[in-house]
Student: 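I have a structure here, written as structure tokens, and I will follow up with some questions on it.
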Amino acid sequence: MTNSRIFKQQNQLFRRYQGNPILTPRDWPYPANAVFNPAAVRLNGHTLLLVRVEDRRGFSHLTAARSADGITDWKIDPEPTLLPEPKAKEGIWGLEDARIVRMEDGGQYAISCVSFSAGGPLVSLIMTEDFKTFTRMGTPFPPEDKDACLFPRLFNGRYAMIHRPIIRGQAHVWISSSPDLIHWGHHEILIPVRDGWWDCHRVGLGAQPIATDSGWLIIYHGVRMTPAGQVYRVGLALLDLEDPRHVIRRSDEWVFSPCMPYEMTGDVPGVVFPTGAVVDKASNQLRVYYGAADTSVAVAVADLDAVVEFVSSCPVP
Ligand code: BMA
């Protein structure tokens, strides 16, 4: 481990916003049990979070919250923004944990979220331009599958999507591709769990992939089962910019771990679950939005160059 890596780790790459959590059920304009795991994207000069809202039946839907500075003064839609399609089988127990990218070709936003179907959780792909009207594109993969995100550009004429199926009880991060967003193939394991490590039990994509000059920055969650329960922590990886099936680097250590009261107390204690990120171009600040203890929304910030420098110094997997 180089000195600069130890230095960065000890001085914490990511800093929590002191006013965390930034959104709680008490802020909601209608009754909610929990608000957490938000997708994040820039829209019309604002930060838009598409927040998972769990109602008091235990079902979730997605609601948009907008803020000019991405930290304070959130304007929350007065009603659910995105509910399961009434007649479709895919979301009978709700929609959860969205990720969003803005497609580089036409400006459409691609939302990938979890639909809780009778057959288990699976990924739904939904397109929108304004977060008011939505085009449902169906379900790329069968259950059980979660933690998916489309890349915002094509690679050799094919779309690429990261997702996290559970196959033979194993929860690795996979990547698949498609010529048309309907037919999917070329399925490969991208980021596997690591036996014995902090991310031995399950891994899954966190925020949407972020394009940098050094490659696609991947913020992922890793889970370890402990005698005290499961711990959800956060690691980093870097994928080749031209061919995201190629993992260039992966952090040995986690870079973010639950420790604050709002991360240790709630419906599921010991969870930090990043699902969205925004880069503030003027300050080069990376803002990572995460669910805290499956109860509230929190944000941590980092200098994007420092994060890329750190992950670039991590081992080649
Ligand atoms: C995962 C997902 C997330 C949740 C996390 C921690 O499996 O269901 O929605 O935040 O567990 O409970």
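In this chain, residues are counted from 1 in sequence order.
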Student: Taking side chain as C-beta onward, heavy atoms only, is Leu62 less than 4.5 Å from Leu95?
Tutor: yes

Student: So, Asp147 and Arg99, do they make that salt bridge, N to O below 4.0 Å?
Tutor: yes

Student: What distance separates Leu239 CG from Ile162 CD1, expressed to the nearest 0.5 Å?
Tutor: 5.5 Å

Student: Do Arg164 side-chain atoms and Val203 backbone N/O form a donor-acceptor pair below 3.5 Å?
Tutor: yes

Student: Treating Trp74 as the side-chain partner and Leu49 as the backbone partner, does any N or O pair qualify as donor plus acceptor under 3.5 Å?
Tutor: no

Student: His61 pairs by ring-ring contact (aromatic ring centres under 6.0 Å, His included) with which of Tyr30, Trp28, Phe116?
Tutor: Tyr30

Student: For Ser251 and Trp254, indicate whether the former's side chain and the latter's backbone hold a donor-acceptor pair under 3.5 Å.
Tutor: no

Student: Can a salt bridge be assigned to the pair Asp130 and Lys132 using a cut-off of 4.0 Å between side-chain N and carboxylate O?
Tutor: no

Student: Are the side chains of Pro315 and Asp252 in touch, meaning some heavy atoms are under 4.5 Å apart?
Tutor: yes

Student: Do Pro258 and Arg233 have side chains that approach each other closer than 4.5 Å (heavy atoms only, starting at C-beta)?
Tutor: yes

Student: So which heavy atom on Ala65 is nearest to which on Ile76, and how close?
Tutor: CB-CG1, 4.0 Å

Student: Short question: side chain of Ser178, backbone of His183 - any donor-acceptor pair under 3.5 Å?
Tutor: yes

Student: Is it true that, when you exclude Asp69 itself, more than 12 heavy atoms of the residues, nucleotides or ligands shown sit nearer than 6.0 Å to its CG?
Tutor: yes

Student: If you apply the rule side-chain contact (heavy atoms from CB on, under 4.5 Å), what do you find for Tyr109 with Leu43, and how did you get there?
Tutor: CA-CA 10 Å; Tyr109 292 88; Leu43 176 76; 3.4 Å; yes

Student: Do Arg158 and Asp180 meet the salt-bridge criterion of a basic N to acidic O distance under 4.0 Å?
Tutor: no

Student: Give me the ring orientation class for His187 and Phe141: parallel if the planes are under 30° apart, tilted from 30 to 60°, perpendicular past 60°.
Tutor: perpendicular

Student: What's the separation between atom CZ in Phe131 and atom CD1 in Ile126, rounded to the nearest 0.5 Å?
Tutor: 10.5 Å

Student: Can you name the nearest heavy-atom pair linking Arg249 to Val311, along with the distance?
Tutor: CB-O, 3.2 Å

Student: Is it true that the NZ or CZ of Arg16 lies under 6.0 Å from the centre of Phe256's six-membered ring and within 45 degrees of the ring axis?
Tutor: yes

Student: Is Arg66 paired with Asp77 through a side-chain N to carboxylate O contact shorter than 4.0 Å?
Tutor: yes

Student: Between Arg194 and Cys200, is any pair of side-chain heavy atoms under 4.5 Å apart?
Tutor: no

